[in-house]
There are 2 protein chains.
Amino acid sequence: MNLELLTKTENQKVQNLLIIGIRDLINYKNLEPGEKLPSERMLSEKFNVTRSNIREAIRKLEFYGLLKSIPQSGTFVANIGIIALNGMIEDILRLDEPDFKSLVETRILLELKTVRLASLRRTDEDIAQLKEALDAYIDKVSNGKDAVQEDLLFHLAIAKASGNSTMNKFMLSITPEIILKFEKHHVCDDDLAQRGIDDHQAIFNAIIDKKPQLAKQKMKEHFKELYSYCYNL
Amino acid sequence: MNLELLTKTENQKVQNLLIIGIRDLINYKNLEPGEKLPSERMLSEKFNVTRSNIREAIRKLEFYGLLKSIPQSGTFVANIGIIALNGMIEDILRLDEPDFKSLVETRILLELKTVRLASLRRTDEDIAQLKEALDAYIDKVSNGKDAVQEDLLFHLAIAKASGNSTMNKFMLSITPEIILKFEKHHVCDDDLAQRGIDDHQAIFNAIIDKKPQLAKQKMKEHFKELYSYCYNL
DNA sequence: TAATCGAAATTGGTTAACCAGTATGGGTTA
DNA sequence: TAACCCATACTGGTTAACCAATTTCGATTA
């Protein structure tokens, strides 16, 4: 297991070096945006690594929108300008692994917004799905069971109802880590969960009534314990 | 090019079907969280697809934290519970491609927060990097040149100074698409850019002075045109 | 009988050969 | 001379064989 972690960071080091190499190559060759990068085979030979390594590095830069691979044609520099490209690569290289505090902080920010948007935009179908999630949550809590999962799913249903696919995606990407941490530290005890029912119900009602300000307020109250937990970590 | 798009969506369809298949398998076999999935080879045989397809589907579920592959050992169901797993897979399958409006909406939300956090947490090194980005922006605008890239880099520098790696990552991931759309539609005309200098300078000063409320206010004003553009799209 | 050791099968990851589509350039023709 | 075409080499993507680490399970031994 230790070894696995070692090789993983080792891999990332190689990948970062390759990203630097690709960046320098673009600068050195004065590749304008839209121009073609050398082929994967040439790059792998130039940097003396396997083609898989090169493809992995390209994929990462593709994820951040800096490169674009087109089958049977080549890999192209995105049309965002050389300055933005250099700056963003610099940022990507220095990007830290997200700590839990930053995850919770971001989650709260997103949720205060999504609940507001959901109050404004929710469809009847959204309401139905919210109710389903809420009922499942209430059922679990009423039976004295752990309901971390149902809790999070209700919040995800709100994100979906917000009609903002980007925030929805972001919420999805941070939820699993939050669930893991919560279940590990037993953040949600019974008393908290009991109060959670009222909170969720209030939020749900505010969304039904299309009262964005109220919904946001209720969500804020709901997060009060989470706030304190987060900053005491 | 058309064909490329076709095959891409075709691939995504296959991938979605595989994700459904994996989900059903987990449910059918009553795999508890932490348990091992059948091997990639068995899955590829069962679903009658190539092993690459299976790995791609697993990778996607791994991205969202639902599975975890461990070399020479197997692929494991994340320890988040079967209910959360089912709910999240449902959401992932229905996830729309992000539209531009949702991107801008999210960007504004993130920036109003990062600028506030940056005012509270910025280090001296952050200040130096912000100044560098600001000077580059002012220089370009003063010479009457397009400065979309320098503009965005200043905003990314703020995200970095916020000390929140999750928001920083999110900002990075939505920036390229925003740059592309902006340069395509020539959103930033000369007059706007000229005013942008004052805005940026005011934001920068507020961050230096550690005045989070003022910084947020200035950012809000800076986004006013963007708001109108976004909602008129 | 129970603990231990090790060989063989199984695992995800890696690699090199292969594929189909694309771009290129020299030769041909109008 | 210029436009066109087809053969060839090159592209990213895919696949199947390979690898090293791990797990498993049964034979062996104390």
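In what follows, chains carry the letters A, B, and so on, assigned in the order in which the sequence lines appear, proteins first and then strands, with residues in each chain numbered from 1. No hydrogens, no waters, no symmetry mates; every other heavy atom, side chains included, goes into these values.
Rounding to whole angstrom units, CD1 of residue B:Ile58 and C1' of C:dG13 are separated by 12 Å. Note: CD1 (B:Ile54) to P (C:dG13) measures 13 Å, nearest angstrom. In this structure, the CG atom of A:Leu61 is 14 Å from the P atom of D:dG12, given to the nearest Å. Whole-Å rounding puts the A:Leu37 CG to D:dG12 C1' distance at 12 Å. Atom P of nucleotide D:dT11 and atom NZ of A:Lys68 are separated by 19 Å, given to the nearest angstrom. Straight-line distance from the CD atom of A:Glu45 to the P atom of D:dG12: 14 Å, rounded to whole Å. For the pair A:Ile70 CD1 and C:dT22 P, the interatomic distance rounds to 10 Å; values are reported in whole Å.
Scanning atom types as modelled, one donor and one acceptor separated by under 3.5 angstrom connect the side chain of B:Gln72 and the base of C:dG12.
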Below 3.5 Å between N/O atoms, which protein atoms pair up with nucleotides 14-18 of chain D? Just atom names and distances, please.
residue : atom : partner : partner atom : Å
D:dT15  : OP2  : B:Thr50 : OG1          : 3.3
D:dC18  : N4   : B:Arg41 : NH2          : 3.3

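Which of C:dG12, D:dT11, D:dG13 sits closest to the side chain of A:Glu40 comes down to D:dG13. Across C:dT11, C:dG13, C:dA23, the shortest atom-to-atom separation from the side chain of B:Met42 is found for C:dT11.
In this structure, A:Ser73 reaches the C:dA23 phosphate: one of its side-chain N or O atoms is under 4.0 Å from OP1 or OP2. The side chain of B:Thr75 contributes an N or O atom lying less than 4.0 Å from OP1 or OP2 of C:dG12. Residue B:Ser39 places at least one side-chain N or O closer than 4.0 Å to OP1 or OP2 of C:dT11.
Partners of B:Arg122 by salt bridge (charged side-chain N to carboxylate O under 4.0 Å, His left out), not counting sequence neighbours: none found. Under the rule for a side chain to side chain contact (heavy atoms under 4.5 Å, CB included), the partners of A:Arg23 that lie at least two apart in sequence or sit in another chain are A:Ile20, A:Asn27, A:Asn86, A:Ile89, A:Glu90. For A:Lys131, the side chain to side chain donor-acceptor pair (under 3.5 Å) partners at least two apart in sequence or on another chain are A:Asp135. The side chain to side chain donor-acceptor pair (under 3.5 Å) test applied to B:Ser173 returns no partner, not counting sequence neighbours.
Applying side-chain contact (heavy atoms from CB on, under 4.5 Å) to B:Thr175 and the options B:Leu172, B:Ile179, B:Ile178 leaves one that passes, B:Ile179.
For residues 161-172 of chain A, there are no salt bridge (charged side-chain N to carboxylate O under 4.0 Å, His left out) pairs, not counting sequence neighbours.
For B:Glu45, the CD atom is loosely surrounded, since the number of other residues' heavy atoms within 6.0 Å does not exceed 12.
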